[in-house]
Number of protein chains: 2
Amino acid sequence: MRTIRSVAGLRGALAESRKAGKRVGLVPTMGYLHDGHLSLVEASRRQCDVTVVSIFVNPTQFGPNEDLSTYPRNFLRDEELCRNAGVAILFAPEVNEVYPAHFETFVEPGELAKPLCGGFRRGHFRGVATVVCKLFNMVQADAAFFGQKDFQQCAIVRRMVTDLNLPIEIVILPTVREHDGLAMSSRNRYLGEEERRRALAINRALFAAADEFRSGMRDVQKLIAVAKQHLQPIDRLQYLELVDSETLKPAESPLRRSAALCVAGYVGPTRLIDNVIMESPVPLERDEE
Amino acid sequence: MRTIRSVAGLRGALAESRKAGKRVGLVPTMGYLHDGHLSLVEASRRQCDVTVVSIFVNPTQFGPNEDLSTYPRNFLRDEELCRNAGVAILFAPEVNEVYPAHFETFVEPGELAKPLCGGFRRGHFRGVATVVCKLFNMVQADAAFFGQKDFQQCAIVRRMVTDLNLPIEIVILPTVREHDGLAMSSRNRYLGEEERRRALAINRALFAAADEFRSGMRDVQKLIAVAKQHLQPIDRLQYLELVDSETLKPAESPLRRSAALCVAGYVGPTRLIDNVIMESPVPLERDEE
């Protein structure tokens with residue numbers, strides 16, 4: 001595995017593979033890797049010839065009162081995990097390599113960036129879309145791998161790829177969870193022992209609603225109410241919404257299209273998000289793309 | 001030459017060339033081609049193996065009170081000109097191929113889009129940056145060719161390429177002029193005979209100032225005053241500014257870095273723009289990129 005810090009170095013390292021027609025997979029991360037990230041690496045290794053993992057804690061997606069400076073980092077451990085996972089290139093640029101002086105062009109997502117986290121994290125998805133677009137172009141990857149835990153991010157990235165005609169395939173993989181159901185997240189390390197226990201309320205709420213959905217419940221308000229019952233242990237619930245999986249607009253009741261129950265809230269000072277997708281085993285009506 | 005309407009068709013047509021490692025050049029246009037466009041085609045043919053010309057009158061770069069609906073078009077003539085010029089692929093998508101339903105992701109330029117035309121054409125450069133980014137991605141060109149007449153556009157496109165790490169080289173070619181000096185523009189066809197004569201005031205103003213610059217004049221206000229004397233025949237002057245070529249901020253007096261004298265104004269109902277670059281034959285101090 002090679003660890004590379006510069007865009008020029010990255011392109012140089014990939015030139016041979018590209019010439020040889022090899023398929024390049026990208027797993028963009030902010031580091032502090034966990035099994036969720038590693039499941040993306042595995043998927044990339046299955047589907048591509050060369051896997052690039054990027055580690056970059058992207059300042060433009062953090063708000064002024066967010067946790068940019070304290071975001072957990074452990075580069076040596078990440079490097080070891082990537083090496084053991086069969087990553088070919090670990091791309092870990094410094095901030096000024098990604099955002100040099102005079103940087104001023106952003107990718108601006110639209111309606112998909114407004115609900116859910118978009119209502120609480122102003123500019124977050126502009127920063128996400130911009131850095132993801134940049135990483136795609138730096139790597140010129142054929143495919144990129146994201147986790148469903150960041151549901152809104154996945155929707156925005158897919159829309160960006162379609163809207164800007166980016167020549168890349170987006171692969172979304174299921175959320176990887178701890179043994180007790182908590183969605184894996186680098187931010188879980190912020191949680192104290194008691195907070196860690198309370199955090200389980202989030203996945204319990206989602207699973208309870210998903211169970212009712214599987215048992216036939218299709219009423220949006222009832223499904224939300226089922227989840228809500230479990231969320232007392234959460235300190236500040238930001239949202240609990242059942243949204244259309246494609247448009248992220250409030251799902252219409254009764255559910256007939258794929259929908260996602262999405263939640264965000266604080267446990268102590270730590271903001272957590274999670275979601276479950278509710279879709280019938282029978283194919284659902286979809287918008288034409 | 002092949003005329004292609006769809007992105008899928010375009011990518012299919014270019015797949016072989018790309019595999020063979022051929023260099024692809026793109027000349028993005030809004031059609032109604034003139035010798036300025038054809039000089040870009042020539043440059044592309046010299047520097048690339050395959051030349052793609054796109055013709056697309058991009059609605060997102062027109063304001064609500066601008067000339068989208070009347071913008072001159074003559075597709076059969078354009079097609080003939082491209083064929084004779086040795087173009088390999090003429091890409092002419094319909095609006096809904098470029099902006100399908102649910103399109104919502106834009107490329108948003110920054111400070112460079114604010115002065116000059118940016119002050120008069122709200123959203124124009126957002127539309128330009130977005131469609132140019134899309135065209136680059138559709139074609140996956142190795143190089144793209146633009147005319148210096150659209151000076152601010154060139155600056156914004158170059159900045160976008162740097163900022164978003166687009167893997168493409170931008171080549172800017174000198175403005176091509178009519179025998180009497182009027183900058184070639186598809187919009188010149190709007191001009192009546194008497195307006196056509198008055199329009200010459202623009203290039204005369206620029207040339208007069210450029211002559212003084214060549215004779216050693218470096219005072220910004222004096223250079224602007226020289227140009228201004230010639231602009232009486234213009235009906236509504238929007239701006240006459242001497243700006244730093246890189247930042248587009250007002251040039252500092254006395255001139256020591258490359259600067260551009262830029263003008264925009266109406267002749268009758270027709271808006272015209274033009275510019276000259278003022279730089280010493282000795283290399284000028286430049287910002288690090």
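Every chain is numbered from 1 and lettered A, B, ... according to where its sequence line falls, protein lines coming before strand lines. What you see is a predicted model, and the numbers here were worked out from it, not measured in a lab.
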Structural part of [X] lying under 4.5 Å from a heavy atom of chain B:
X	answer
Pro167(A)	both
Leu112(A)	both
Val7(A)	side chain
Glu111(A)	both

Top contributor to chain B contacts, counting heavy-atom pairs under 4.5 Å, from Gly110(A), Gly21(A), Pro100(A): Gly110(A)
[atom2] on [Y] to [atom1] on [X], rounded to 0.5 Å:
X	Y	atom1	atom2	value
Phe103(B)	Leu164(A)	CZ	CG	6.0 Å
Glu108(A)	Arg126(B)	CD	CZ	7.5 Å
Met160(A)	Glu104(B)	CE	CD	12.5 Å

Which atoms form the tightest heavy-atom contact between [X] and [Y], and what is the distance?
X	Y	answer
Pro109(B)	Thr105(A)	CA-CG2, 4.3 Å
Asn137(B)	Asn165(A)	CB-O, 3.0 Å
Arg159(B)	His102(A)	NH1-O, 3.2 Å

More than 12 heavy atoms of other residues, nucleotides or ligands under 6.0 Å from [atom1] of [X]: yes or no?
X	atom1	value
Arg45(B)	CZ	no
Arg5(A)	CZ	yes
Arg2(A)	CZ	no
Glu252(B)	CD	no
Arg122(A)	CZ	no

